[in-house]
Amino acid sequence: MRGVMEGGRMEAPSAMPAQPWDSHSGAVALAGGERSWRRRVRDPRLWMVVIACALVALVSMAGIARPLDRDEGAFLVIAGDISHGRIPYRDVFDQKAPGVYYLLAALLALTSHFSPVQQVLVARAVFAATNLLTAAGLILLGRRWWRLEVGALAALLWLLAAPIYGGDQLFTEPVAVACTVWAVVMAAGGAGSRRAFGAGLLLALGTLFKQPAILALPGLALVLAAASAPGEAWWRPTRARIRALIALLAGVLIPWLVVCGLFALAGALGPLIDQVVISNVARYPSDSPTEIVRAMRDSIQAFRALWYVAGVVVAAGAVGAWRWIRSGGDGQRRAPSLGVVTSVLIGALALLPFKSHAYPHYWLQVAPWAALLAALGFAAVVDAMMNGWRVRPQRTTWPAAARPRPLLAWALVVGIILVTCARALLASAWPPALRQQADVGAWIAGYAPPGTRLLVVPAEPEYYYLANHAPSDAFVYLLPINLTPSLLAQISADLHTGRYDVVVWDRDSRVGGDAAYFAELAALRRTLAERYHVAAAHGTLQIYVRNTTTPAG
């Protein structure tokens, strides 16, 4: 036998030919890798991060059991109509893009054996999961444009903002925002027509849920222009940039051409264009400037750290850009950061819908970009704190590798963030129960069994869904956007002739509108009182039945 002496140790020869994975160095590397992996798994800091991420994910779904909103009710009703063969816009009115209806129709079909409450919770969980996708995209963007800590903090800010502004409900914004963020991630990953086309497809998918998502197109084009020709000024046309922008536009247009073609085959192209485009531009009423300013102020106060710090970064960036422009951009001063410019551009354009309304969920399309800017501002504060600590004399017994100062600095930042949004988070986490609203739906169903003609007015379509009763008309609510003179005359005539068996009227629907709109509702109420009588009441809801019939429940 022959042995090999190595390091004063006898090693037995192998009977098999030496393989790379049998070599001594390979075995040592494998053993070292296993030990390193075990050390990482046993590191309490890793588990602290995992637990913190899990808690933040749960917090982002804090209001998943809150009652259904009016928009959510409309989406669920129209999704149910789709499962019965009706076509949105042609057979039922609403002014949202078609993506949300068909996604919810698929979810309702998959959960058809669940109760309405369970269906809502499952659907909201799916929508809330898109917030996690958005957070992952922000981590990648922060790492690409700055560093990992910025992306991680931006993801935290976004996940905390989501429940405050309704991101855990069945609104269209969560899906649209996820698609937009990932479109930017794809565009920032490098040049190429394929990436540009893919980014366009993702943006188009976002617009199929929320039409204003198209406002991110200039920011996306800027990212592609910088990535496709990094050595040239972004405004100078090159072949690579032209190809990328053409591919981007193709990616945005093709899905909509397919959707328009499908609705044309169903005979609903005209209504699609009228309700999704024209009604939002020409017939959507606006709040007064005072109401808009007040609502925006209240929403900003709900999460001050996000908007205040992002505003400081924007102001500092504007000053830096002004100095750079005055210097002629000749390289004497540093060019503006692509990440900052893109975030400001997309976030600023996402503010345009606020010119007519300032609904809290509108902030969801601004929040990811504000989160990136705020994270950058917080990171700059932490860097300044760390630099200040480094120049001071070190009088500590902590080992250099174990000094807790970076951890303390970031803990201070997170503490500030939590303090500024704690009240709003608690308010979103403890809303009135969805179960109570479902009980009201069951109460309505007792007076409107299957086969009866039910009307719910002015704007509570969620009770159609919770009562498991499809609307008997092409409209699911009466709002200023769809209450035209012809529709008003039709409903008045139907009430006068007793066409509806049961009418549910909300005395306090909190519907916004002008004096003419409320006068129209009052006229409907008078016609209703002439032909129907109150059979039951629950809170602000009244159930009317025809004078010639007896209540069913």
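Throughout, residue positions are numbered sequentially from 1 according to the sequence presented.
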**OP:** Quick one: closest heavy-atom pair of Pro461 and Tyr477, and the distance?
**Re:** CG-CD2, 4.2 Å
Original post:
Just checking, is any N or O donor in the side chain of Asp473 or Tyr500 under 3.5 Å from an acceptor N or O on the other one?
Top reply: yes
Original post:
For Thr484 and Ser486, does a side-chain donor sit closer than 3.5 Å to a side-chain acceptor?
Top reply: yes
Original post:
Who passes side-chain hydrogen bond (donor to acceptor under 3.5 Å, both in side chains) against Thr497, sequence neighbours left out?
Top reply: none
Original post:
Do the ring centers of His361 and Phe171 come within less than 6.0 Å of each other?
Top reply: yes
**OP:** Decide yes or no for Ile292 and His357: does some side-chain heavy atom of the first lie under 4.5 Å from some side-chain heavy atom of the second?
**Re:** no
**OP:** Taking the side chain as every heavy atom from C-beta outward, state whether Leu364 and Trp158 have any pair of such atoms under 4.5 Å apart.
**Re:** yes
Original post:
Got His496 and Arg531 here, is their nearest side-chain heavy-atom distance under 4.5 Å?
Top reply: yes
**OP:** Evaluate whether atom CZ of Arg194 has more than 12 neighbouring non-hydrogen atoms of other residues, nucleotides or ligands under 6.0 angstrom away.
**Re:** no
Original post:
Does any donor atom in the side chain of Tyr101 or Asp94 lie under 3.5 Å from an acceptor atom in the other side chain?
Top reply: yes
Original post:
After noting the C-alpha distance and the side-chain angles of Val440 and His538, does the key distance pass the side-chain contact (heavy atoms from CB on, under 4.5 Å) rule?
Top reply: CA-CA 8 Å; Val440 177; His538 187 292; 3.6 Å; yes
Original post:
Any idea which heavy atoms bring Leu349 and Pro218 closest together, and the distance?
Top reply: CD1-CG, 3.8 Å
Original post:
If you draw a 6.0 Å radius around CZ in Arg507, do more than 12 non-hydrogen atoms from other residues or ligands fall strictly inside?
Top reply: yes
Original post:
For the rings on Phe354 and Trp363, is their centre-to-centre separation under 6.0 Å?
Top reply: yes
Subject >> Min side-chain heavy-atom separation Leu524-Leu495 under 4.5 Å >> reply: yes
